[in-house]
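Note that the numbering runs from 1 along the sequence shown for the chain.
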Amino acid sequence: KEGLAHLRKAIDLDPLNPDLILREALAMQQQESTFPKALERYKKAVQLMDRHGTPISFDIFANIGVLSHETRNFEESLTSYKMALDALDVDGTKRKATLDDIGLEGARIRHKDNSMFYDYVDSELKIQNPSKGEGEDGVTTLNVMDGPKVCVEVGDFIRLGATFESEIEAIDK
């Protein structure tokens, strides 16, 4: 508590210093009763850093995500986690899904349980118009006509255009 009091005196002397405000937020994050105030302080620090053109580290966004989750603001939490991932991937190459990943040990185009960590890949496949299977409600059969060899598995998710999204339930070869 004494350290926090000294930190607050420093903030009083330099209220626009984002480093001091971040330290205060981190200290407040240690007590559940001050989670909302810590979240407010993190947001203030991000605002100041943005204004100064200072890059914002992924861990700041991750902490905002944790505090948002703990205060039951799930939409803000998800947004903050995505911002943390974006901060880790400044050039956009780390999270980009590619078909080149198929076949590499441990490589996956997507994570089956969490859409935040996967993306659809444009496979350039050409298909016939989707049609309903005979006597099977809710089943759409897609026939691949042309395109590169694509390894898909049962359980993979596919998207055709902007609206049709489905899970692969069976593959007939």
To the nearest 0.5 Å, how far apart are OH in Tyr42 and CG in Leu22?
7.0 Å

List the steps and the verdict of side chain to side chain contact (heavy atoms under 4.5 Å, CB included) for Val66 and Tyr81.
CA-CA 8 Å; Val66 168; Tyr81 288 137; 3.6 Å; yes

Whether over 12 other heavy atoms sit under 6.0 Å from Glu75 CD
no

Rounded at 0.5 Å granularity, tell me how far CZ in Arg8 sits from CG in Leu4.
4.0 Å

Can you measure from CZ (Arg41) to OG1 (Thr34) and round to the nearest 0.5 angstrom?
12.0 Å

Nearest heavy atoms of Arg23 and Leu7, plus distance in Å:
C-CD2, 3.6 Å

Please find the pair of heavy atoms, one from Ala62 and one from Ala84, that lie closest to each other, and give the distance.
N-CB, 3.9 Å

Just verifying a value: how many Å separate Leu78 CG and His69 NE2, rounded to the nearest 0.5 Å?
11.5 Å

With side chains defined as the heavy atoms from C-beta onward, is the minimum distance between Gln29 and Leu26 less than 4.5 Å?
yes

With rounding to the nearest 0.5 Å, note down the distance linking CG in Asp50 to CD1 in Ile56.
4.5 Å

Do we see a donor-acceptor contact under 3.5 Å between the side chains of Thr71 and Asn73?
no

Cluster link Ile64 to Phe35, ILVMFWY, side chain under 4.5 Å
yes

So do Phe58 and Asp86 actually touch side chain to side chain, heavy atoms under 4.5 Å?
no

Does the side chain of Ser68 come within less than 4.5 Å of Leu39's, by heavy atoms?
yes

For the NE2 atom of His52 and the CG atom of Asn17, what is their distance to the nearest 0.5 Å?
8.5 Å

Glu76 bridged to Lys43 by N-O distance under 4.0 Å
yes

Provide the closest heavy-atom pair for Gly65 versus Ser77 in the form atom of the first, atom of the second, distance.
O-OG, 2.9 Å

Heavy-atom closest pair, residues Leu48 and Pro18
CB-CB, 4.1 Å

Same cluster for Leu67 and Val46 if Ile/Leu/Val/Met/Phe/Trp/Tyr side chains link at under 4.5 Å?
yes

